[in-house]
Amino acid sequence: MRLSPAGTVAGHIAVPGDKSISHRALLLGAIADGETLIERFGRSGDTESTLRAVRALGVRVLEEDVDRLRVHGVGLRGLRAPAAPIDCGNAGTLIRLLPGLLAGQRGRFELTGDESLRRRPVDRVAEPLGRMGVRVETAEGRPPLVLESDGEVRAIDYRLPVASAQVKSAVLLAGLYAAEGGRTTVVEPRPTRDHTELMLVSAGVRVARRGSSASVEPVERLRLPSVDVPGDFSAAAPFVVAATLLAGSELTIHGVGLNPRRTGLLSVLERMGGRVAVFNRRRVGGEAVGDLDVRSAQLVATAVGAEEVPGMIDELPLFALAAACAQGVSEVRGAEELRLKETDRIETATSALRALGVRIEAREDGFRVRGVPTRIRGGAMDSGGDHRLAILGAVAGVVSGRGVEVEDAQAAAISFPGFFELLDSVARRA
Ligand code: S3P
């Protein structure tokens, strides 16, 4: 697909429901007692994988509208082992969170995924679940992941070796099934997104949170009558960056999830001179939500360190693009986790941007960009099947001088079907 340069981006938009929260709503709805009504469900390739997975486990889900689902929960221990392996598609969040729930079921479950997912580490969940008394086997740390349980789980105190919301979530979910009185605690090296903790609280679970730790006690049942999913900050981010970089832009993005553990990009853009105003702040089911008003700005370079990485992990490729147009040298350190995403995003993002004329170098744990406050040149890049790369290429195209040809652009639908149409609807021709 070819993305032509735009003059400005302008108008009012809303983005799809948050992907992380949509996965969690289906998974918790599946093991709740009674119905869970999910509104503004973020339908995407990844969340369709979760929908298929919970159905394969015996859960009935009615699709009342594209973004309105009714999950008929089967209760905490009511999931049924399917005969066939569960295909998690491209969804890392699914293959890492689901084992937490399966720990408390009886049976043998096999989880696998597409080629990209089968290259990604799952030993990070196998290891703590093993300590909790669940048998989990992997193919040298990668999928397929085979889990066998008799439903008995031991509570543990677990210090996460990496800052990962997915691993934290898997351990907390398994902790719901621990033998009576056992309290499962997870300590994180750096704060990661806490959607699981917030949704567990909505479902009636007592979650104790102190500094960098979160604990759950076993429960008899969950009740999650409804989840209203906020707009996905990670889906808003490409529009925030496009509007920031294109002089004269004025874009309003309504109903965006602003969980403070997700919005690192906003803090970083602010210190670079970005002009993003948040208004109409509210809370939707425990999650912070607001509207964003983005104006174009001249950016200056900045350094992003390890402590800021988890809060903007999925936005780092877009940060690289913003940094390419900022005055001076920017860098990211402590982001080695990027190498374990749908692609090795240190490699794929830096080589894609280099092909478009950006002076960027990969580092073992991040990258370094020499920014120039003009339009990047443009050219051709390949998403490599990675949705965040397809979206990066598209934003690079609209802010470039000559446009960008994005190979394998349809990968964007893994997180954001309709992305290109929405981008086109706000792009005013140069
Ligand atoms: C996610 C957590 C992050 C993030 C991913 C979604 C989640 O992954 O990159 O897109 O929904 O919990 P890690 O837990 O591997 O950091």
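Numbering of ligands and ligand atoms starts at 1, following listing order. Predicted model, so just to flag it, every value in this text is computed and none were measured.
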Open item on the list: Is there a side-chain contact between Leu173 and Leu200 in this structure, where contact means two heavy atoms from C-beta onward sitting under 4.5 Å apart?
Closed with: yes
Open item on the list: If you apply the rule salt bridge (Lys or Arg N to Asp or Glu O under 4.0 Å), what do you find for Arg333 with Asp365, and how did you get there?
Closed with: CA-CA 5 Å; Arg333 310 299 297 265; Asp365 65 342; 3.5 Å; yes
- [ ] Let me know which of Arg388, Arg118, Arg120 forms a salt bridge (charged side-chain N to carboxylate O under 4.0 Å, His left out) with Glu342.
- [x] Arg120
Write none if no such pair exists; otherwise list each N/O atom of ligand 1 with its protein N/O partner under 3.5 Å and the distance.
unit_1	atom_1	unit_2	atom_2	d
ligand 1	8 (O)	Lys341	NZ	3.1
ligand 1	9 (O)	Asp314	OD1	2.7
ligand 1	9 (O)	Asp314	OD2	3.4
ligand 1	9 (O)	Lys341	NZ	2.8
ligand 1	10 (O)	Asp314	OD1	3.4
ligand 1	10 (O)	Asp314	OD2	2.8
ligand 1	11 (O)	Ser20	OG	2.7
ligand 1	11 (O)	Arg24	NH1	2.9
ligand 1	11 (O)	Thr93	OG1	3.3
ligand 1	12 (O)	Arg24	NH2	2.7
ligand 1	14 (O)	Ser164	OG	2.7
ligand 1	14 (O)	Ala165	N	3.0
ligand 1	14 (O)	Gln166	N	2.9
ligand 1	15 (O)	Gln166	OE1	3.4
ligand 1	15 (O)	Lys341	NZ	3.3

- [ ] Measure the shortest side-chain to side-chain distance between Leu62 and His72 over non-hydrogen atoms and say whether it is less than 4.5 angstrom.
- [x] yes
TODO: Sort and list the pairs that fulfil salt bridge (charged side-chain N to carboxylate O under 4.0 Å, His left out) and have at least one residue in residues 255-264, not counting sequence neighbours.
DONE: Asp18-Arg262, Glu188-Arg261, Asp194-Arg261, Asp232-Arg262
- [ ] Determine, for Asp65 against Arg43, whether the closest basic-nitrogen to carboxylate-oxygen distance falls under 4.0 angstrom.
- [x] no
